[in-house]
Amino acid sequence: MDEWATLGVEGHWQGRPDWFRYDELVASRLTGVVGGSRSEVAVGGTLTANLHVLLASFYRPTRHRRMVLAERTSFPSDRYALVSQIEWHDLDPRDTLVEIEPGPTQSTTDAVCAAVESLGDELALVWLGGVNYLTGELLDMEAITAAAHSVGSIVGFDLAHAAGNVPLSLHDWGVDLAAWCSYKYLCSGPGSVAGWFVHERHLGTIEPTFAGWWGNEPATRFDMDQERDFVPRPTADGWKSSNPPILSLAAVDGASSLFEEVGMAALRAKSERLTALLVELLDERTGLEVLTPRQPDRRGNQISVVVPGRAAAVQSELAARGVVIDDRPPDVLRLAPSPLYTTYEEVWRAVEELRRVLTA
Ligand SMILES: *Cc1c(COP(=O)(O)O)cnc(C)c1O
């Protein structure tokens, strides 16, 4: 904050670290969170806008291969983005976008893999939430990636609810692209700078469709020569276009350095214990239906429960009692103990308050 107050534009060079390449430092801190190399991970912009920029490069429908596969319960912003991308290519979403809805006993992963197989070589893009925002279900991204690639499709994941929540190995799984925000598990405040991943195999092959100076080589970024062509960096940074907001980046830096220090393996170990305790207490004390898969390897930190018609009322009662959870009206409550800062006692207290509200 002192540098912000005193350096002004000079912060580009005199900030510590210098603001000119601050986004690259933050991106390097996030490589362990998403399982990508430094050249595959970039930081900038916001999630939905980044999704459009990436899809402009990665969703290139042809007459035959044009279909997009998503979930019925995808986050509304992702659905809007997919529909508008399809329309932008003069296609009709009604016969281009397939939204799968798994049966009651079927995992989303199995439903997706079956749909991928039946769409075959008409499938152009699979776009799914790595962890579903509503149910908290964690997909088997490696299996889905393999299935999509077996029919020649591009596959990407929205990691808004997965980054900082579950261990990710995007590079090793072979995922083509991914995007996330930094203000859910990554704790950086609403609207904070987001990030994305582009697999190494596409770098230098698939080019950014929309160019801007921050995607250019830093050495020539400030050259104002009108004759010069845009030379995208041959890394995920090539998809950047603007100067990032430094104050917001400082928040992402602070949060991501904690994730870097603690590591996803330790966070995952505590997460499994926290959610096991949460589910056990919910069963024992509330009897509520748990929407999230009960197998630990099919969920992250989020446990969703069903309170028919009462989600908003229960949420506000709990908030008044100091328990911060989230409601998805009319029926769903989301409880997400974060291993970085939620204690076991707080999990116990949350369920105890929930029990009191339900029986009041
Ligand atoms: C939170 C969230 C968003 C919101 O993205 P912004 O563009 O940063 O507002 C988009 N998609 C998913 C899946 C989300 O959870």
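Reckoned from all heavy atoms, side chains included, excluding hydrogens, waters and symmetry mates. Each ligand, and each atom within it, is numbered from 1 in the order the structure gives.
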message: Let me confirm one number: the CG-CH2 distance from Leu170 to Trp180, rounded to the nearest 0.5 Å.
response: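 Between atom CG of Leu170 and atom CH2 of Trp180 there are 6.5 Å.
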
query: Between Phe222 and Trp13, does the ring centroid distance fall short of 6.0 Å?
result: yes

message: Measuring centre to centre across the rings, with the benzene-like ring taken for any Trp, is His171 within less than 6.0 Å of Phe197?
response: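 Between His171 and Phe197, the centre distance exceeds or equals 6.0 Å.
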
If you measure every N or O of [X] against every N or O of ligand 1, does any of those distances drop under 3.5 Å?
{"X": "Lys184", "result": "yes"}
{"X": "Thr46", "result": "no"}
{"X": "Tyr133", "result": "no"}

query: Just heavy atoms, cut-off under 4.0 Å: does Asp158 contact ligand 1 by side chain, backbone, both, or neither?
result: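 Contact part for Asp158 vs ligand 1: side chain (C-beta onward).
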
message: Suppose we measure from atom 10 (C) of ligand 1 to each protein heavy atom; which comes out shortest, and what is that distance?
response: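 Scanning the protein heavy atoms, the shortest distance from atom 10 (C) of ligand 1 goes to Leu47 CD2, 3.3 Å.
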
Pairs touching residues 153-170 that satisfy side-chain hydrogen bond (donor to acceptor under 3.5 Å, both in side chains), sequence neighbours left out: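 Of all non-adjacent pairs touching residues 153-170, those that pass side-chain hydrogen bond (donor to acceptor under 3.5 Å, both in side chains) are Asn165-Asn301.
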
message: Taking 4.0 angstrom as the limit and counting only heavy atoms of Asp78, give me the atoms of ligand 1 inside it, by number and element.
response: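 Here the atoms of ligand 1 in question are 10 (C), 11 (N), 12 (C), 13 (C).
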
message: Quick check on contacts: which atoms of ligand 1 are under 4.0 angstrom from a heavy atom of Tyr183?
response: 1 (C), 4 (C), 5 (O), 6 (P), 8 (O), 9 (O)

Single hit among Leu55, Thr209, Leu125 for side chain to side chain contact (heavy atoms under 4.5 Å, CB included) with Arg60: Thr209

message: Assess the residue pair Trp214 and Phe20 against the criterion (ring-ring contact (aromatic ring centres under 6.0 Å, His included)); give the C-alpha distance rounded to whole Å, side-chain angles, the decisive distance to 0.1 Å, and a yes or no.
response: CA-CA 10 Å; Trp214 237 252; Phe20 187 57; 5.8 Å; yes

